[in-house]
Asks: 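I'd like to ask you about the structure that follows.
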Amino acid sequence: MKYLAKKSFLVVFVLTLSFIFFFDYVLDIENRMISTGIAASLAVILSPRKKKIKTQTGEKTQITWIFLKEPIFLD
């Protein structure tokens with residue numbers, strides 16, 4: 001999970017492609033613009049969030065994700 005949390009662009013890319021596939025082939029939405037727009041917005045909502053937090057030891061990056069219970073801290 002830590003690798004996926006660090007590479008949030010990879011998560012967004014994979015989620016977008018999987019949602020596009022789902023909308024095109026499973027739900028059979030014919031309009032590509034609508035399916036791509038919905039897929040991209042869902043992927044952004046479900047992707048990890050990064051925040052910079054100031055602590056006593058310095059500035060750290062906190063990564064929160066809807067699928068994780070506890071945030072991940074990076075130095």
Asks: Leu27, Leu15: one ILVMFWY side-chain cluster at the under-4.5 Å cut-off?
Replies: yes
Asks: In chain order, what residues pass the side chain to side chain contact (heavy atoms under 4.5 Å, CB included) check against Leu42, with sequence neighbours excluded?
Replies: Phe19, Phe23, Ile38
Asks: Do you know which two heavy atoms are closest between Thr16 and Ala39, and how far apart they sit?
Replies: O-CB, 3.9 Å
Asks: Check side chain to side chain contact (heavy atoms under 4.5 Å, CB included) between Lys52 and all other residues, then give those that pass, not counting sequence neighbours.
Replies: Glu59, Thr61
Asks: How many angstroms lie between atom CZ of Phe21 and atom OG of Ser35, to the nearest 0.5 angstrom?
Replies: 12.5 Å
Asks: Return the set of residues passing side chain to side chain contact (heavy atoms under 4.5 Å, CB included) with Ile45 (not counting sequence neighbours), or none when no residue passes.
Replies: none
Asks: Is Thr55 close to Phe73 at the side-chain level, that is, under 4.5 Å between some pair of heavy atoms?
Replies: no
Asks: In chain order, what residues pass the ring pair (Phe, Tyr, Trp, His ring centres under 6.0 Å) check against Phe22, with sequence neighbours excluded?
Replies: none
Asks: Could you work out the complete set of other residues in the hydrophobic cluster of Ile20, with links drawn between I, L, V, M, F, W and Y side chains under 4.5 Å apart?
Replies: none
Asks: Which pairs pass salt bridge (Lys or Arg N to Asp or Glu O under 4.0 Å) with one or both residues in residues 8-22, sequence neighbours excluded?
Replies: none
Asks: When clusters are formed from ILVMFWY side-chain contacts under 4.5 Å, directly or step by step, what else is grouped with Met33?
Replies: none
Asks: Only counting residues at least two apart or in another chain, list the ones meeting salt bridge (charged side-chain N to carboxylate O under 4.0 Å, His left out) with Arg32.
Replies: Asp24
